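Taking it in order: structure first as structure tokens, then the write-up.
These numbers come from the heavy atoms of this one structure, side chains and all, not from hydrogens, waters or symmetry mates. Throughout, protein chains are lettered first and strands after them, A, B, ... in sequence-line order, and every chain is numbered starting at 1. Keep in mind that this is a model prediction, so the values were computed, not measured.
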Amino acid sequence: MSRHAFFKRWAVLGGTTLALALGSSATWAEQYTVGFVPKLVGIPYFAAMKQGMDKAGKQFDMKIVYQGPSSADVAQQVNIVSSLINQGVDAIGVAANSPTAFGPMVKKARDKNIVFYSTDSQVDADGNQLRVSQVNDKALGYKVIDVLAAQLKANTGKTSGKVAFVSGGSTATNLNTWIKFMKARLADKYPDIELVDVQYGGEDVTKATNITNQLISAYPDLDGIVGVNTTSVPGAAQAVLTSGKKGQIAVTGITDPNTIRPYVMNGTVNKVVLWNPIDLGYLTGWGVKQLLEGKSFKPVNDVPGLGKVKYDEQTKTLLLGPPMVIDKSNIQMDF
Amino acid sequence: MATPASSGLNWPSWINVSVRELLLVVGVIVITAGISIGSSGNFWAASNLTNLMISTAITLVPAIGMTVIIVTGGIDVSVGSMLGLVAVAGGTAFEYGLGLAAATPVFLIAGAILGLINGALITYGRVPPVIATLGTLSVYRAAAFLFLGNHWITMIPPSVTETMVLTQPLGVPVAVWIALVLLALGMVFLARLPRGRHIFAIGNNENAARLNGIPVERIKLAAYTLTGVLVGVAALMSLGHSPMVQTTTGTGFELTVIAAVVLGGTELTGGRGSLLGTLLGAILVGLVQNGVVLLHIQPFWSGVVLGVIILVSVGSATVRRND
Amino acid sequence: MNRIDWTGRAPVLLVISLITLIGVSIGAPGIWSTDNLFAMGVLAVEIGIIALGQTFVINTGGIDLSVGAIFALAQVVMGLAMVGGVPWPLAVMLGLGVGVLCGLVNGLATVWLRVPAIIVTLATMFAFSGLALVITSGIDVSGFPEGFAVLGQGTIGSVPLQIVAIYLPLLVLLAVVQWRTRFGRLVHLTGTNTLAARLTGIRIGRVQIATFVIAGGLAALAGAINASRLTTARPDAGATDNLISIAIVVLGGSSIFGGKGSVVGTALATLVIALVNYGLSFNNLNAIYQSGLIGLILIVAVLMQNIMLSIQQRRAAAT
Amino acid sequence: MASFELRGVGKRFGGVRALDDIDIRFESGRVHALLGENGAGKSTLIKILTGAVTPTNGEIRVDDTTVTIDSPRRAQELGIAAVYQEPTVYPHMTVRENLFMGQELRGRSGMLDRRAMTAAAKPLLARLRLDPSILSRRMSSLSIGYQQLVLITQALLRDTRLLIFDEPTSILSREETARLFEIIGELREAGTAIVYITHRMEEIHQIADEVTVLTNGERRGTYPIAEVSTERMLSLMTGGHGSARDREPASETVQRERRPMLEVTNLSVAGHCEDISWQLPAGCITGLYGLVGSGRSEAALALYGHIRPSAGRIQLDGQTIRPRHPADAIKLGLGYLPEDRQFQGVFLDKSLEQNLTSNTLPGFSNVFDLLDLAGMRRFTTELMNHYNIKAPGADTSIGDLSGGNQQKGLFSRWANLPLKALILDEPTRGIDVGAKDEIHRFIRHLADRGMAVGVISSDLDEVLAVSDRIIVMREGRIADTFEHGPHSAETVLASAIGSADDDNRAAHHDTTEESA
């Protein structure tokens, strides 16, 4: 290797580091800086939430710092939160990969008078000042099951049959909560629908596809599959599609339009349930602004652009609203 | 020589190899039987067999290249990230409206480039293979994030699934045929062509190979590049299997591939290995991952079972060596 | 002597850390506070402890792909024990015992089966992390007694306890073990030439097993600190630590073929990695750039060393 | 007529001059012997010719045209091949594949044509009296001697015009050697240029046409063989400090009580040796002579606990022992210096201190396992002085030392232990004459101290020079035991190689029991 190449290598390395460092150099203006740590970066759902938060940031003069781990790893989230605290931001929030892991960080943030909030997937800690919830977990779980039942009825003419759930990470709190409510709804209202299995595919569509394929084989008389997170619904749909069971096995669940669009268009999936993550981000931004300015929430708040939003004093929870059903009519939404 | 030389029996090499493979065949049969019984025959459902075949094929294709690399005495732990980055490149081509035929070269070329980078670092940069590919494992993954951002590629043309999975000449999906043809070519190449034997020669004794005028660096570079191309093929197959590209696509895939090769009896010290073994290893890994759901148990067990099978398999090889 | 090899990777590493340091400080001058240093330290401690164990394994010529899995398994075991009412010090001992046991399994399998460590630990990686998932049904464990928090959240003065009371003493201890004890010698001799070591009467099997046990125990210790810091034990924790710990050890100047390397080099590399991670994070750059940059640094450091070696040789040849 | 000529060729490694402006010419139809101690530059010369290193200066001419040999491939194209001292083989591949590596014969489809290769190899195998059935055997299943013959076959197979032999006979039996000389003769007739490197003077007179002596990278002179005597060559080579051959055999004075110290009864190691019985008396040097592959090293390794014997009893100082690990053997008072310095002996990048103390570490560590570094340094320096190990200091990496000094280091590692018996396996293989002499002297000191010493060697000169008694092994069995007294080289060799009828073997075998 020539001497020239030797220096070139150094230049590249140094340049990269410096460029990365300089490109993001913070401007410490007199505006509030709000940190938001999603479950992971690189996925459309949280990108949509960020879009909403940025909108709120622009509107309410806040600087939004969006930074998250590359996989749904709570340890990485805690590290990022720790760095944000030391950066001296004014508020920090997370969509928690684990509800219990943030206790010490919440305390540290509160000691430094930093507002701590959680959104999308909540944090269990006394110091948590605000929870922004996309939907009432119960309402969501119920809604998904209702959609499933309707679909079963459309397919087979009766609200009975065997169904299976495919979830994401086995440790994700919000997914587990929804599963809990979905089970409750089945038991209460649809005793003839039998839940045969719950399997976990992680945040990986390939794994979800494989697992659904195996579920279909393991239970040849399966009538429906519920995907509990964004990747498992398309995974399940793909498996149903390739095994030639389109129209026989009902597929629904919780996912976003961008991800599920091809399967809605080709008819493998009729309806899925979600909320508007852009609105969720926006609501989070608004809520944080209120806290930063020391305002308190009323039981029903007038949020500009969103309308009436409920607040639960006891759990300090802002609730975005009822779940939204996505089908062919509104599949063109971009998030 | 101080180390005990091979036993006095001096069996021809092919018999020695087939003992290992025989054991694997027995393993495959036993596990298949176990799963068939445990799943009350559901294992044999057409959709399950298709799924099993496809996932085995996706593992097998890069495993062919990995076998070649390991036989030369190297290793490539970056194939998972490579698969992700290749899928990003190919998926982007699909997004630009390219059809399957037009996009296929994108997959192959992207794979070749990434493999070539690995190979160049190892051969010309003299970075140990584990280190070089450990580095590119994270670099390629970061690159996939960089290109994809917060976006997932969902608009994969249905023709990919149609061609790879749903078209099933003689009841076997096209992707599996591709894998089998590549495997057969690889076997002929390794066993019957001089270049194939040179690959073994490098793993046996790199210096001697150099002295015999075998272009060691070029062959190694080719082995890593070839693996890249095969990862490209696997990426295309996997988009047929689950048509979506995430930033995390392929995470952990390298472990599956290496496990298949190791189970197949290819020795990590280089110089010894067989593609037939790799095929059996890939099937075994596929079976283990396939079995857990069919047996109505949590997938967590698959790791435990896979780990134990690898240990038992390499352990039995040792026991045989001692006899 | 097993000192840091100043002709090797160490200078490259220093230059890299200097560049990172400058870049990071320009990007966010606020980084130079004790808070940040401690946060960085806390971040470094867990992976740093794992890397210390990995150093011994790699120096004997082995490799341990299962440390991350042991990290997770040990923490969920102690977590479940605490939730089940076992006093926390006892639960921690139990977790460390699990780590040691896992290391023993790795070591015995490597030595008895005479199979490369990379295969054995690939298998046990699957098995240990599978076990961690199985015993927890894949769900996080939390709700630990107050006292347990001291490991990961305690402070001495204002300095995090795990830095001064765990990591640094451990580093000193292991440095002494490596440089001044018979065991340290045996590790390096075994790693340099296994056959010669055996023929000179060194029980290489025991040395190898001991290094795996150390790696297992230290991974469990790191797991305990991590669980205490996050007040949560996770069956899927530490998945990336297997490879990162190897990267750190190699960055720290250890030869992947064994026989060369030092825990001090590993500690230095840990610091660089922590600096890159925390520095970029402090500059609000995503985690994925961090791991990408670490991969790049790893490749560049080894490449640079090779290039410097060949320049040295050429210069020597020229004179 | 082909000719290969070096003109003013030199090579430096770093600041070290390995070869200095050499002029030398090899011509077809002539056997050119190269003679020199280790480090004299012979191997560098070979490497330059075979394209493994490129010379720093000078010119290489083939058939009076200047060429550059920048790769092994290029050397091959020029018709240059080498048969190395250490066989460079592909252990897991068949003999056929080893023979044709890089030069495979292909069928019309481009695939390997095994039948053609077998056909091409057969006549050559026949010339070397090798059975064609070995073609399908794995290389690792052959003994080192056989592997060497396969490599010679390989060189013959290639269209070689300059064939270099690098000490080929050091591991060949006399029969094989004679066969090899015949082949070399045939090749010479056929017009091949041959370079023959050896330590063995008698061989030079047997086969060489001319001889070049190298010392310290310089050419001392080239002589037609008729014009130079063995003594002249020796003095050119060594600068006049004698050789092992000149030393008197062991004196009678050491033959004292001869208490049996290490006794082996009916020892067998599967696949290597069978039913071996011998004993090493205290205060006595026993030469264990046998050709490579005769099971000597394996027997020793089994005693030493490195490999498991399949049968037999080992007694040390009257007590039956069963070491399961070399560490057990050392604790019991039994040591072994392995034959392969590089792979079994040294810790290459480690310091002399680390190397020399590697088997005495328990003695330097306290209850906390802490080492007495100062003491170890002192100890190393003492060993260096005592055993005349030439090195800048205890911190010097052993890899930087000459082979002789490395070997003295390894020897000192054992010599200083309180052992009852010590087996030295090829203690002077591949080192220069000076160091060889020194080691022989040290071995004598050990025996004088009352240790039972066994010296395994395939160098007959060495065995004769150093031993008080000689045990000959052949094909995994004890062939003969010669008690002290003047042993004629002829008888010992004859015993090692064996006569055609195997019936005698039992009779020879009994000798051991009688001497016990």
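Checking B:Ser36 against B:Trp44 by side-chain atom types alone, a donor-acceptor pair falls below 3.5 Å. Checked by atom type, the side-chain pair A:Thr119/A:Thr284 shows a donor-acceptor distance below 3.5 Å.
A donor-acceptor contact shorter than 3.5 Å is absent between the side chain of B:Thr123 and the backbone of B:Leu221. Side chain of A:Lys246 to main chain of A:Asn266: a donor-acceptor pair is present (N/O by atom type, distance under 3.5 Å, no hydrogens or angles). Using modelled atom types, no side-chain atom of B:Glu217 and backbone atom of B:Tyr124 make a donor-acceptor pair closer than 3.5 Å.
Contact annotation: the side chain of A:Val226 approaches that of A:Met182 to within less than 4.5 Å [non-hydrogen atoms, C-beta and beyond].
In the displayed structure, B:Lys220 atom NZ is contacted under 6.0 Å by more than 12 heavy atoms of other residues, nucleotides or ligands.
By the 6.0 Å and 45° rule, A:Lys162 does not stack over the aromatic ring of A:Tyr219.
Ranked by heavy-atom pairs shorter than 4.5 Å toward chain B, the options A:Val205, A:Leu241, A:Thr206 are led by A:Val205. The most heavy-atom pairs under 4.5 Å with chain A, out of B:His241, B:Met244, B:His151, come from B:His241. The choice from B:Thr247, B:Asn51, B:Asn48 that makes the most heavy-atom pairs within less than 4.5 Å of chain A is B:Asn51. Of all the listed residues (B:Thr249, B:Thr251, B:Val292, B:Thr161), the one sharing the greatest number of non-hydrogen pairs under 4.5 Å with chain A is B:Thr161. For the set A:Thr231, A:Ile211, A:Ile216, A:Leu40, the entry with the most heavy-atom pairs within less than 4.5 Å of chain B is A:Thr231. Among the candidates B:Thr248, B:Thr154, B:Val165, the residue making the largest number of heavy-atom pairs closer than 4.5 Å to chain A is B:Thr154.
The aromatic ring centres of B:Phe94 and B:Phe107 sit less than 6.0 Å apart.
The parts of A:Tyr200 that come within reach of chain B are both its backbone and its side chain, each placing non-hydrogen atoms under 4.5 angstrom from that chain. Of the two parts of B:Gln289, only the backbone, made up of N, CA, C and O, holds a non-hydrogen atom closer than 4.5 Å to a non-hydrogen atom of chain A. Using a 4.5 Å cut-off between heavy atoms, B:Ser39 makes no contact with chain A at all. Using a 4.5 Å cut-off between heavy atoms, A:Ser70 contacts chain B through both its backbone and its side chain. Looking at B:Leu166, the atoms closer than 4.5 Å to chain A (heavy atoms on both sides) all sit in the side chain, from C-beta outward. Residue A:Gln238 touches chain B through its side chain alone, counting heavy-atom pairs closer than 4.5 Å. Only the side chain of B:Phe300 has a heavy atom closer than 4.5 Å to any heavy atom of chain A. Only the backbone of A:Asn258 comes within contact range of chain B, judged by heavy atoms closer than 4.5 Å. Neither the backbone nor the side chain of A:Val196 comes within less than 4.5 Å of any heavy atom of chain B.
A salt bridge links A:Lys50 and A:Asp54; the closest N-O separation between the charged side-chain nitrogens and carboxylate oxygens is under 4.0 Å.
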